[in-house]
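Single-structure report; data block below.
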Amino acid sequence: MAIRGSMGGKKHMKTYDIAVIGGDGTGPEVVREAVKVLDAAAIKFNLELNYTPYDVGGERYLKTGEVLPDSVLAELRKFPAILLGAIGHPDVKPGILEKGILLRTRFELEQYINLRPVKLYDERFCPLKDKKPEHIDFVVVRENNEGLYTGSGGFVFKGTPDEIAVQESINTRRGVERCLRFAFEFCRKRNRAKQLTLCGKTNVLTYAFDLWERAFREIGEKDFPDVKRDYAHVDATTMWFVKNPEWFDVIVTDNMFGDIITDLGAMIQGGMGIAAGGNINPRGTSMFEPIGGSAPKYTGLNVINPLAAICAGQMMLDFLGESKAAQAIEAAVIKIVREKLKNLAAGKMGYGTREVGDLVAAAV
Ligand code: IPM
Ligand code: MN
C-alpha cells in the first residue's frame, strides 16, 4: 500500500488495482523490488497502487495439483494489470506451468500483443563491439495469441516407427490484422524513425507470411501512409540485430519468431537481467513480466538482478497512462545502471537484489 503524498489528498489520487504473481524461483524476490520502486514512484506522483497477491506456480502445483484455477483466472480478469515474476519449477515437467499459467493467461485474457523493448542503457553491458545506446533502441511487437503457440496439431502412430507429429501455425486475418494495427499505431506514437519492419519468412512460409505481408501492405497503404514499411526475413533479422541494430525502430512478427528474436534482443541490450516485456490486451487485462525465467539456482540468495522486473513495472505504469511516473522509473534505472552497477548478471552486480531495488527506489 502506498503512503499518501502530503499535497494531493485522497480525492485527487489515481488508484490502480494490480494483481501480483511472484511465481517460481527468483520471481517473488524480483517482484518485491519492482513493488518497492513502484511505491516510490507512487509517492512522488501521487498514485495509489493496491496490490493483490496470487499464489500460483510450481509450489502450489506440487502441493495441490492446481495449475491455474478457473476462479483465479476469473479474478485476474478484473484487474487492469498483472505484475508477474517468473514461472518454471525444476521439479515440474517442462510445459505444464508454462502452458498452464503463462500461455493460458496470455490466451484467455486475449493479451494478443507481446511488447518487448530492446534498449541499451550502457555500452559497457553490450556484447557487440562499438555499439552504444544510440544504436540499440527498438521495440519488438510479437503476436501473442496465435502462430505455433495455439497447441494445434497432434500425433499419429505415436511411439511407433511410423510416428507423425504435426504442429500447426495458426494465422487468422483477424489476429494478424489486430497485431499489425497495434504495431502501426505504436510506431506512429513512438514517433522516431517511424519505420515498421515486418519480420517473417515469405520465401518459405508461403501461406502464413503471404497473409501477413498482404495485410501489412493493405493496412499500411490505407491507414498508415506516414509509417515507412520495411520487410526482413527472420534469419536476416538476427544477423542485423548483431551487425546493424540501429536499422530498427519497430519490428512486428509472429509468435514463434518473436520469441526467438527477443532473446537475442535481450542479449544485445545487456542480458536477461534487464529485459522486460508486456503481454497486452489494449482493452482488457495486461500482464507485465521480466523476459528471463525463474533462475532456480539463484533463488533466495539475494543475487538475482531485479531490474527486468523493475522495468516491467515501469512498462505497466506507462500502459496504465502514468507516463511521467514511468519515465521517472526509467531515468532512475538508467542512472543506477550507468553509475553503480558493475555488471547486469546475477551475483556480479556489485550489489544484492534488495540493494539494487533500494538504489533505484531512492533515485526515483
Ligand atoms: C517467453 C518464454 C515463453 C514463450 C515460454 C516460457 C512459454 O520463452 O515469454 O518468451 O515461449 O513465450
Ligand atoms: Mn522466450
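Counting starts at 1 for both ligands and their atoms, following the listed order.
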Item to check | Trp212 side chain to Asp254 side chain, donor-acceptor N/O pair below 3.5 angstrom | outcome: no

Checklist entry - Against heavy atoms of Arg106, which atoms of ligand 1 measure under 4.0 Å? => result 1 (C), 4 (C), 9 (O), 12 (O)

Item to check | Close-contact set for ligand 1 against Glu98 heavy atoms, below 4.0 Å | outcome: 6 (C), 7 (C)

Next on the checklist: Just to confirm my output: which protein heavy-atom neighbour is closest to atom 10 (O) of ligand 1, and how far is it?
Outcome noted: Asp259 OD1, 2.9 Å

Checklist entry - Should Lys132 and Asp137 count as an ion pair when the cut-off is N to O under 4.0 Å? => result no

Checklist entry - Partners of Phe184 by ring pair (Phe, Tyr, Trp, His ring centres under 6.0 Å), sequence neighbours excluded? => result Phe216, Phe224

Item to check | Cationic N near anionic O, under 4.0 Å, Arg178 to Glu110 | outcome: yes

Checklist entry - the Mn ion (ligand 2): which protein N, O or S atoms are under 2.8 Å away? => result Asp259 OD1

Checklist entry - Which one holds for Arg142 and ligand 1: side chain close, backbone close, both close, or neither close, with close meaning a heavy atom under 4.0 Å? => result side chain

Next on the checklist: Looking at Asp210 and Arg214, is any side-chain nitrogen of the basic one under 4.0 Å from a carboxylate oxygen of the acidic one?
Outcome noted: yes

Checklist entry - Do Asp249 and Lys194 meet the salt-bridge criterion of a basic N to acidic O distance under 4.0 Å? => result no

Checklist entry - Which of the atoms in ligand 1, numbered in the order shown and given with their element, are less than 4.0 Å from a heavy-atom of Arg116? => result 1 (C), 9 (O), 10 (O)

Checklist entry - Ion pair present between Glu322 and Lys14, side-chain N to carboxylate O less than 4.0 angstrom? => result yes

Next on the checklist: Let me confirm one number: the CD-CZ distance from Gln111 to Phe288, rounded to the nearest 0.5 Å.
Outcome noted: 8.5 Å

Checklist entry - Any idea which protein heavy atom is nearest atom 11 (O) of ligand 1, and the distance to it? => result Tyr149 OH, 2.6 Å

Item to check | Gap separating the CD atom of Glu146 from the CG atom of Asn144, nearest 0.5 angstrom | outcome: 10.5 Å

Checklist entry - Among Leu97, Leu102, Leu148, which one has a heavy atom closest to atom 3 (C) of ligand 1? => result Leu102

